[in-house]
Protein chains: 2
Amino acid sequence: MTATDDAGLTVGEAAGSLRVTVRTLHHWHEIGLVAPGGRSASGYRLYGAADLARAQRVQLYRELGLPLEEIGALLDGGDASASLIEQRDRLLTRIDELRAMVNGVERMIDAGSRGLLLTARQQAEIFGPGWDPAWVDEARERYGDSAQWSEYAERAAGRDASDWQGIAETMRSLDADLASAMREGVEPGSDAANALAERHRDTISTHFACSHAMQVCLARTYVDDPRFTAHYEAFAPGLAAWLQRVIDANARAHGVDPATAVWE
Amino acid sequence: MTATDDAGLTVGEAAGSLRVTVRTLHHWHEIGLVAPGGRSASGYRLYGAADLARAQRVQLYRELGLPLEEIGALLDGGDASASLIEQRDRLLTRIDELRAMVNGVERMIDAGSRGLLLTARQQAEIFGPGWDPAWVDEARERYGDSAQWSEYAERAAGRDASDWQGIAETMRSLDADLASAMREGVEPGSDAANALAERHRDTISTHFACSHAMQVCLARTYVDDPRFTAHYEAFAPGLAAWLQRVIDANARAHGVDPATAVWE
DNA sequence: CGTGCGGCCTCACGTCGCGTGAGGGTCAAG
DNA sequence: CTTGACCCTCACGCGACGTGAGGCCGCACG
């Protein structure tokens, strides 16, 4: 009467009408989720109306993200609403996890593209009046491709204003100690000077792993870039040049030739 | 100076300080993501400071959901911000997918617990004045544990008001045709009566797969439950009893004995 | 000096839902 | 009789490890 005269559809036909792949039906058969009602004489799977109906129910629950095993239990008399409620909870917790990831990713993106997650006002408060927020953009422009910038950005993404406060204070006290050491006549290459050089390197290493060679390169900029020079000269005249000699001597003591040292 | 006197940590120690499992470090080594700096004389992995730093960077990106392969490329000089932007998009699309699933799951939960997703007002509009919304609750109470109720709920979750409109009209026209057939003297067991019985079964099957035996059980309720009886008597006196005879005769023609037929 | 116990090593299989061949039979049309 | 489209059964691959199995290593205790 209802004119499906034959014994059923082949996998390909069933797959077509269900809009799934043949492999999917094979898999569902393998795990006993949807078995074809029978086989043709030559071993072809034959799916009857009841099989197709079951497969459709499987699809319905699969679209809700339920694991196939649970769908099987559910279709064979299990408690649907219990599974559904559990599934809703799983989905919601997963969504929360993903949202936390999005949050983190966006912090990282911002840190990488802005250099700092602080507003200009916050930067002024934390780094003091000598600070120009445009420097961050310039630094990103020049070093944004380097591995060290990536490292810097990763760490910056995890810092908030109070973290920066601490870092800024550490740097200020280092600058002050450098200035008084110079005034007290500490000689580059002396133990005291080398200790200060290492303290400088540690401080830089809060931003990225800084080798002795890199430190030498940084010291060059302190002398060559008038803005850095001005920063150190404000603490004590001649400080930039003295710091370079301190860093160079310490580098030599660690087997690095300051004359030929390169970044990386 | 900074007093990590030895050549590095063993896997267990490294795993402890990184708060990952030993197996995870093994895996990262296998795929070349984080290799230990060296080995002890007896073949133990030894992780140095640089290795631990790299592992920490891996953790950072792993928490953002990036695949390990991409993290590897990224740490070895790849473009971090490109990966991050792509990752954000992947996360957002995934979140949308999960939200759609939550939506579907909640529809299913509601359909299962309420029986219908329509408001009482909508039900009155669609099913007419003879309809009592409390019947749905009663039906859920009595049949909520059956496989057929699950099927019904699954399908109900996918229907909106206009779908129900169509279903209600189909049922009304069937009732009308049954009444006129009875008045015209159609005999139970005749081809015309059997065709009507099958049409009834098809209509019920929009809600769940209805066998001939189940149909016989339904017909019994039509006669036994005064509310169903009243529904049919309103169309034509004696209609409920006549319909039962039609259904029973058709069941017999399909090899089902109405006297012993049970649900399932 | 042996002995135990905890940590390390290297395979190697299991997870979940299929995708993607490999190698070979089946079916209807030309 | 051939061709091409279908079907069959293995069986590996993915991603990020978990979980043993079987065996070596190192340190403390008797």
Side-chain angles (χ1 to χ4, degrees), chain A residues 6-47 51 55 58-75 83 87 90-91 94 97-98 101, chain B residues 6-47 51 55 58-75 83 87 90-91 94 97-98 101:
Chain A
D6 52 354
L9 307 179
T10 65
V11 257
E13 293 163 345
S17 87
L18 291 166
R19 306 189 166 277
V20 298
T21 68
V22 168
R23 180 64 178 105
T24 297
L25 288 182
H26 281 176
H27 182 60
W28 292 357
H29 185 190
E30 274 172 25
I31 64 174
L33 181 58
V34 180
R39 298 264 192 171
S40 76
S42 53
Y44 287 18
R45 279 167 249 258
L46 294 178
Y47 289 84
D51 308 324
V58 169
Q59 273 191 286
L60 173 65
Y61 287 107
R62 199 183 51 145
E63 280 163 19
L64 302 179
L66 277 92
L68 296 186
E69 191 175 358
E70 214 168 313
I71 296 178
L74 195 157
L75 294 190
S83 294
Q87 173 67 358
R90 283 183 296 220
L91 289 172
R94 187 73 185 129
E97 290 168 10
L98 293 185
M101 289 185 193
Chain B
D6 53 355
L9 307 178
T10 66
V11 258
E13 293 163 345
S17 87
L18 291 165
R19 305 188 166 279
V20 298
T21 67
V22 169
R23 179 65 178 102
T24 297
L25 287 182
H26 280 175
H27 181 59
W28 291 359
H29 186 189
E30 275 174 24
I31 63 173
L33 181 57
V34 179
R39 298 266 189 171
S40 77
S42 54
Y44 286 19
R45 279 167 250 256
L46 293 178
Y47 289 85
D51 308 325
V58 169
Q59 273 190 287
L60 173 66
Y61 287 107
R62 199 183 52 144
E63 280 163 19
L64 302 180
L66 276 92
L68 297 187
E69 190 174 358
E70 216 168 310
I71 297 179
L74 195 156
L75 293 191
S83 292
Q87 174 66 359
R90 283 183 296 218
L91 288 171
R94 187 73 186 130
E97 290 168 10
L98 293 185
M101 290 185 191

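Scope of the values below: all heavy atoms of this structure, side chains included, with no hydrogens, waters or symmetry mates.
Across all non-hydrogen atoms, the minimal contact from B/Ala14 to B/Leu9 is N-CB, 4.0 Å. Heavy atoms only, all atoms of each residue included: A/Leu46 and A/Pro36 are closest at O-CB, 3.4 Å.
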Can you give me every donor-acceptor pair (side chain of residues 26-33 of chain A, partner residue at least two apart or in another chain, under 3.5 Å) with its distance?
| from | atom 1 | to | atom 2 | distance (Å) |
| --- | --- | --- | --- | --- |
| A/His26 | NE2 | A/Arg45 | NH2 | 3.3 |
| A/His29 | ND1 | A/Arg45 | NH1 | 2.6 |
| A/Glu30 | OE2 | A/Arg23 | NH1 | 3.3 |

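Between its opening and closing five pairs, the helix from C/dC1-D/dG30 to C/dG30-D/dC1 changes axis direction by 30°, a value rounded to 10 degrees.
Under the side chain to side chain donor-acceptor pair (under 3.5 Å) criterion, B/Tyr61 pairs with A/Glu154, not counting sequence neighbours. Remark: A/Glu63 engages no residue in a salt bridge (charged side-chain N to carboxylate O under 4.0 Å, His left out) (not counting sequence neighbours). Applying the salt bridge (charged side-chain N to carboxylate O under 4.0 Å, His left out) criterion to A/Glu97, with sequence neighbours excluded, gives A/Arg94. The side chain to side chain donor-acceptor pair (under 3.5 Å) test applied to A/Thr21 returns A/Thr24, not counting sequence neighbours. Applying the side chain to side chain donor-acceptor pair (under 3.5 Å) criterion to A/Ser17, with sequence neighbours excluded, gives no partner residue. Residues passing the salt bridge (charged side-chain N to carboxylate O under 4.0 Å, His left out) test with A/Arg39, sequence neighbours excluded: none. Under the salt bridge (charged side-chain N to carboxylate O under 4.0 Å, His left out) criterion, A/Glu70 pairs with A/Arg90, sequence neighbours left out.
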Just the table, please: protein N/O against nucleotides 14-17 of chain D N/O, every pair under 3.5 Å.
| from | atom 1 | to | atom 2 | distance (Å) |
| --- | --- | --- | --- | --- |
| D/dA16 | OP1 | B/Leu68 | N | 3.1 |
| D/dC17 | OP1 | B/Arg62 | NH1 | 2.9 |
| D/dC17 | OP2 | B/Arg62 | NH1 | 3.4 |

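Note that the first and last nucleotides of DNA chain C, 5' to 3', having any atom under 4.0 angstrom from a heavy atom of chain A are C/dG17 to C/dC27.
If you check residues 32-47 of chain A against DNA chain C, the residues with a heavy atom closer than 4.0 Å are A/Ser42, A/Tyr44, listed by number.
The side-chain heavy atoms of A/Leu25 and A/Val20, taken from C-beta on, include a pair separated by under 4.5 Å.
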